Amino acid sequence: MRKLWQVVFLISLISTITSGTNPGMKGLVTQRAIDYAIQVGKDIAQRELQSLDIPDVSGSASIDPIGNVYYELQGMRITSFSLSDPVVLFDEGVGMQIGIDVLDIETSGYWHVKYLFISDSGSFDLMAKNIVLSVVVQIGMDSTGRLSLACVSCDSSVGDLGITFHGGASWLYNLFSGTIDQRIREELDRKLCPTVNEKINDFESQLQRMKVTFQLDPAVVLEFPLINPPLIQNTSLELDIKGEWYSTAHHQEPPFTPCPFKLPVENNFMLYFGLSAFSVNSAAFAYFSAGVLKFYVTDEMVPKSSPIRLTTNSFGMFIPELPKRYPNMSMQILLLAREPPLTKVQADNITESVFGIAKMFVVLPNKTLAPAFALEINSSFKIDLSVSGQKLCGSIQLTSFNLSLSSSEIGPFQTTSMEKIFRLGLQIAVLPKVNEKLKSGFPIPEFKGIALVNPLLRVNQGFLMFATDVKYQSQSAGE
Ligand SMILES: *[C@@H]1O[C@H](CO)[C@@H](O)[C@H](O)[C@H]1NC(C)=O
Ligand SMILES: *[C@@H]1O[C@H](CO)[C@@H](O)[C@H](O)[C@H]1NC(C)=O
Ligand SMILES: *[C@@H]1O[C@H](CO)[C@@H](O)[C@H](O)[C@H]1NC(C)=O
Ligand SMILES: *[C@@H]1O[C@H](CO)[C@@H](O)[C@H](O)[C@H]1NC(C)=O
Ligand SMILES: *[C@@H]1O[C@H](CO)[C@@H](O)[C@H](O)[C@H]1NC(C)=O
Ligand SMILES: *[C@@H]1O[C@H](CO)[C@@H](O)[C@H](O)[C@H]1NC(C)=O
């Protein structure tokens with residue numbers, strides 16, 4: 001018996017793991033994005049390096065025949081340096097290769113010497129040329145679905161070093177200037193890779209703190225951890241992201257699963273993002289299970305120009321029985337989703353099907369609601385989306401609208417003319433307002449200081465693809 005449970009447990013575990021292997025979202029970063037980031041980041045690297053603390057160097061040099069000379073080099077500051085453009089390339093199946101070439105670096109500081117009873121000091125300038133650093137960083141995924149980084153190899157070499165002393169007695173520093181060259185070289189060699197490692201670890205701990213869920217509103221939450229380790233190819237890094245929405249009240253899987261999709265990397269953009277129909281539909285499912293897909297329509301919400309009011313008298317033209325039973329009373333509609341709305345994404349074609357129920361109430365003089373009848377409504381829309389500037393714009397068109405009576409407290413009646421009027425109302429009064437809003441667009445969420453350049457939106461079979469270049473604007477330029 002126990003064995004059986006173990007098998008059942010194992011099977012269900014395997015099926016939950018394998019059912020989630022297709023992503024709901026994908027992201028892709030190309031070499032062009034890396035190249036651009038390096039250009040922008042070079043200034044930052046310059047600033048970082050400029051403020052780098054250089055440890056003091058001290059030691060003693062054994063000098064024949066006079067014995068040990070104790071020396072200290074302190075307060076070293078970088079006065080100037082030049083970097084070649086760092087070379088950062090994807091390393092297929094591993095991560096990234098980083099090559100940094102510090103062409104030259106000048107530092108200055110103070111020296112201090114003790115020999116027997118003599119103590120002397122002065123300043124010095126140190127010049128290093130051709131410090132070469134080459135690092136391989138492995139990029140993977142940790143158990144929480146975040147990116148993980150590890151330095152898998154690091155090599156450094158220091159080219160030429162030159163030190164000049166000022167002040168003090170030259171015979172003194174000449175005693176140890178020979179050994180100092182080797183000491184500094186060793187010190188640099190000893191420090192460079194651990195410093196790189198430290199930076200990588202710092203960066204990783206920032207990644208560890210990254211959120212992998214996003215609560216859009218009180219009803220739903222988006223989970224976006226990675227579900228597979230990043231796919232690193234020669235010119236790109238691709239991320240498989242869960243991209244699934246859940247109701248915050250109950251973490252329930254929808255009765256459908258993501259289909260695989262492949263981002264078409266065309267036109268060599270910097271960044272690509274894929275949003276699957278699965279992700280959109282999981283959001284619809286989450287909202288539906290949260291029970292928030294409902295709202296009341298009252299007469300005040302009907303446009304003033306409308307000849308049809310939400311009143312029993314007005315509805316009398318479809319249902320003569322209604323004003324007879326409830327003369328001159330206002331009405332209310334409770335619109336509810338019967339099922340989650342369904343989004344279908346086909347090449348250049350998005351359709352949205354909405355399955356609703358309209359519960360019609362009469363508002364009695366004492367303000368209680370008396371149920372009158374309920375209508376089942378199926379409607380579908382065609383949606384066009386585009387990006388323009390930094391905005392997502394669109395338009396929506398009604399493609400079908402069907403209505404039938406699902407229950408009635410006032411006897412049966414024909415719904416054909418009501419269907420016509422409702423369809424007309426939707427087309428004349430509701431959709432133009434929605435389209436106005438869609439046309440003016442919604443700003444695309446942006447990271448501070450990063451503008452999108454030539455963004456492109458494409459509707460593919462099963463997913464939307466968003467591709468863009470980016471431009472970094474200095475913080476002061478933004479609002
Ligand atoms: C990636 O680059 C390596 C070495 O440069 C090469 O051997 C390999 O064939 C390349 N792979 C692809 C898919 O281009
Ligand atoms: C209907 O009720 C409104 C007030 O609610 C009243 O002004 C109007 O005269 C009534 N019409 C009829 C035909 O009773
Ligand atoms: C959109 O897809 C639907 C369903 O396949 C199809 O009937 C319709 O003709 C398509 N519309 C366009 C504009 O491609
Ligand atoms: C409101 O009026 C209806 C009928 O006139 C009655 O059945 C109902 O009990 C009333 N409700 C309240 C809360 O007074
Ligand atoms: C649904 O409405 C469309 C027009 O919006 C119509 O062409 C179609 O025949 C209707 N379907 C049913 C099942 O009533
Ligand atoms: C709405 O669609 C369902 C299937 O989802 C169908 O059974 C029903 O007859 C449709 N109702 C109308 C009014 O078209």
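What you see is a predicted model; the values in this text were computed from it and never measured. Values reported hereafter were calculated over all heavy atoms of this structure, with side chains retained and with hydrogens, waters and symmetry mates removed. Read the numbers this way: they start at 1 and go in the same order the structure lists the ligands and their atoms.
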Per-residue contact class, Leu403 against ligand 6 - non-hydrogen pairs under 4.0 Å
backbone
Tell me whether Asp142 contacts the main-chain N or O of Thr144 through its side chain, where contact means a donor paired with an acceptor under 3.5 Å.
yes
Does Asn402, backbone or side chain, put an N or O under 3.5 Å from an N or O of ligand 6?
no
Which atoms from ligand 6 have a heavy atom of Ser404 less than 4.0 Å away?
13 (C)
Judged by heavy atoms only, the candidate from Leu369, Leu364, Asn366 nearest atom 12 (C) of ligand 4 is Asn366
List ligand 4 atoms under 4.0 Å from Thr368, heavy atoms only on the residue side.
1 (C), 11 (N), 13 (C)
Under 4.0 Å from atom 7 (O) of ligand 4, is there at least one protein heavy atom?
no
If we count only N and O atoms by modelled type, under 3.5 Å, do the side chains of Tyr287 and Asp217 hold a donor and an acceptor together?
yes
Aromatic plane relationship, Phe361 with Tyr296 - under 30° parallel, 30 to 60° tilted, over 60° perpendicular
tilted
Regarding Lys26 and the six-membered ring of Phe273, is the cationic atom NZ or CZ under 6.0 Å from the ring centre and inside 45° of its axis?
no
Does even one non-hydrogen atom of Glu419 get within less than 4.0 Å of ligand 6?
no
Indicate whether atom 2 (O) of ligand 4 is within a distance of less than 4.0 angstrom of some protein heavy atom.
yes
Parallel, tilted or perpendicular for Tyr246 and His251, by the 30°/60° rule?
parallel
Partner of Leu438 by side chain to side chain contact (heavy atoms under 4.5 Å, CB included), out of Asp384, Ile396, Leu392, Leu385
Ile396
